[in-house]
Amino acid sequence: MPLNNEGLRKNNAMITNSRYVFVPPPVPSLPVAGSEQLVPIRRIYCVGRNYADHAVEMGGDPNREPPFFFGKPADTVVAGGGNIPYPPLTNDLQHEMELVVVLGTGGHDIPETRALEHVFGYAAGIDMTRRDLQGEAKKLGRPWDMAKGFDYAAPCSSVQPASKIGHPGEGAIWLKVNGETRQSGNLNQQIWKVEEAIAYLSRFLTLAPGDLIFTGTPAGVGRVVRGDRLQGHIDRIGELEVIIE
Ligand code: MN
């Protein structure tokens, strides 16, 4: 849409005061629970197959293979959930309910014994997935980006600071669709614990404040359609509701 005169004037004023050729996009963020503060998001990493029962349902090995990682763009986050549009080019949009780790500090080669010191807090997120595109990508040996990194692909609750809730190594994690339980697990079923995932990921690159890590999903992932209401819950961390439009 073309800018009106007032829009152009503001736009030009911003450009005049900087070297950017257009106004930089807003910084994606998540609210901190019980405060007015925001966590600015830098990157979103995701752990694949981190619960044995989900690894089995995806045709994988429930044993302890090294973890693998993929990403989503930071601006796919949908802060606090709410209504999201059904994405294009899929007939098999699926939910993956996940514990999200929010880093407050970063580093490279972080030892497991120090990893939790880098956690600012935790949130409840849904790794929305275009499963049909992912299946095709797997078959052809192609990247997963279009299956995982589409618009609105990362609904996420507000962040509970670790300074308040500690580091939950166990607790119920579940997701209901239209009131019916689809996923139900416990954080203690994770193959790679939070500290292990952080340490492992930090061997590949330098982690930084504002990085999110979606830590994988328990079994029961499934298809959603327009009009569905998704309710996610993680003990001590909170609730997340998403409606597919
Ligand atoms: Mn996932």
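Whatever order the structure lists ligands and atoms in, that order sets their numbers, starting from 1. Side-chain atoms are counted along with the backbone in the values below, which use heavy atoms only and exclude waters and symmetry mates. What you are looking at is a predicted structure, and each value in this text was computed from that prediction instead of being measured.
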| task | Could you tell me whether R114 and E117 make a salt bridge, using a distance below 4.0 angstrom between a side-chain N and a carboxylate O? | result | yes

| note | Sorted by chain and residue number, the ring pair (Phe, Tyr, Trp, His ring centres under 6.0 Å) partners of H108 (sequence neighbours excluded) come out as none

| query | Between H167 and Y122, what is the ring plane arrangement, given parallel below 30°, perpendicular above 60°, and tilted in between? | reply | perpendicular

| field | Heteroatoms of the protein, restricted to N/O/S, which lie under 2.8 Å from the Mn ion (ligand 1) | value | E96 OE1, E98 OE2, D127 OD2

| field | Linked, directly or transitively: L103 and L30 (ILVMFWY side chains, under 4.5 Å) | value | no

| said: When you group the ILVMFWY residues by side-chain heavy-atom contacts below 4.5 Å and let the links chain together, are I173 and V47 in the same group? | reply: yes

| said: With a 4.0 Å cut-off on N to O distance, would you call D127 and K148 a salt bridge? | reply: yes

